[in-house]
Amino acid sequence: MHKILFLGPQGSGKGTQANRLAEKLEIPALSMGQLLRDEKAAGSELGKTIAEIIDAGNLVPDEITTSVLKKRLAQPDIENGFIIDSFPRYMEQYENSKDFFQPTAVIVLDIPQDESMERLVKRAEIEGRADDTPEKIEHRLNLYKQETEPVIQQYKELGVAHVIDGRGTIEEVEARINEALGI
Ligand code: AP5
Ligand code: MG
């Protein structure tokens, strides 16, 4: 059963590629960021707390992400496998996730910082995400380096990580991912 995790810097194409792969494998793609934005949109007390954190480009505490994610993982459509974009994303979360989530493969999309910035500034014009200002993108990229790269190191040591060049067209990156997964 596929349990494929996507990690990579902001704008590297995690959401884009997770959705394409999900369609190909006919399994759902879950996005931790989207689950949190949905909770924000619901306007609950928890949603308001989440909004303050994600709109500033900070990482949400593990108690919150884990409860939001476990609720989603309890739904029946994940029984035949799933893809998850961006969980776990810092070491405490990684340690706590081991009990309920061990990915079969980790796709790490790699792009340079200036390309992250370029893609997200462009996306901001279309989608208007609150965390897509140049200052917040830079802050998120710094958090990625400090907090998420150590998690990637763990998956490399476990032998499940595939580092993929995220540059080029969406189709080119997709082909590299499929090749790495042997599908
Ligand atoms: P999240 O939603 O995961 O955002 P992110 O990591 O900042 O990543 P993005 O969504 O910006 O980029 P992406 O890699 O998905 O790229 P995309 O496919 O969109 O997280 C948001 C927030 O939620 C976090 O900051 C944090 O607050 C919180 N959060 C999430 N997970 C958490 C966790 N585990 N713990 C705690 N907090 C958490 O592509 C980007 C753009 O580029 C798009 O416009 C796309 O069309 C375009 N594009 C894609 N591929 C290409 C290509 N090959 N060429 C040109 N353009 C391309
Ligand atoms: Mg995304």
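Every heavy atom of this structure was used, including side-chain atoms; hydrogens, water molecules and symmetry mates were not. In listed order, ligands and their atoms are each counted from 1. Everything quoted here is computed from the prediction, not taken from an experiment.
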Can you name the atoms of ligand 1, numbered from 1 with element, that are less than 4.0 Å from a heavy atom of [X]?
X	answer
Thr169	53 (N)
Thr65	35 (N), 36 (C)
Ile170	50 (N), 51 (C), 52 (C), 53 (N)
Pro9	14 (O)
Ile54	23 (O), 27 (O), 28 (C)
Thr16	17 (P), 18 (O), 39 (O), 45 (C), 49 (C)
Ser86	3 (O), 31 (N), 32 (C), 33 (C), 34 (N)
Gln93	33 (C), 34 (N), 35 (N), 36 (C)

So is [X] in contact with ligand 1, going by heavy-atom distances below 4.0 Å?
X	result
Gly8	no
Arg129	yes
Ala18	no

Contact (N/O only, under 3.5 Å) between [X] and ligand 1:
X	answer
Tyr90	no
Pro88	no
Gly15	yes
Asn58	yes

salt_bridge(Lys48, Glu45) N-O dist < 4.0 Å: yes
Parallel, tilted or perpendicular, judged at 30° and 60°: which one describes the rings of Tyr94 and Tyr155? perpendicular
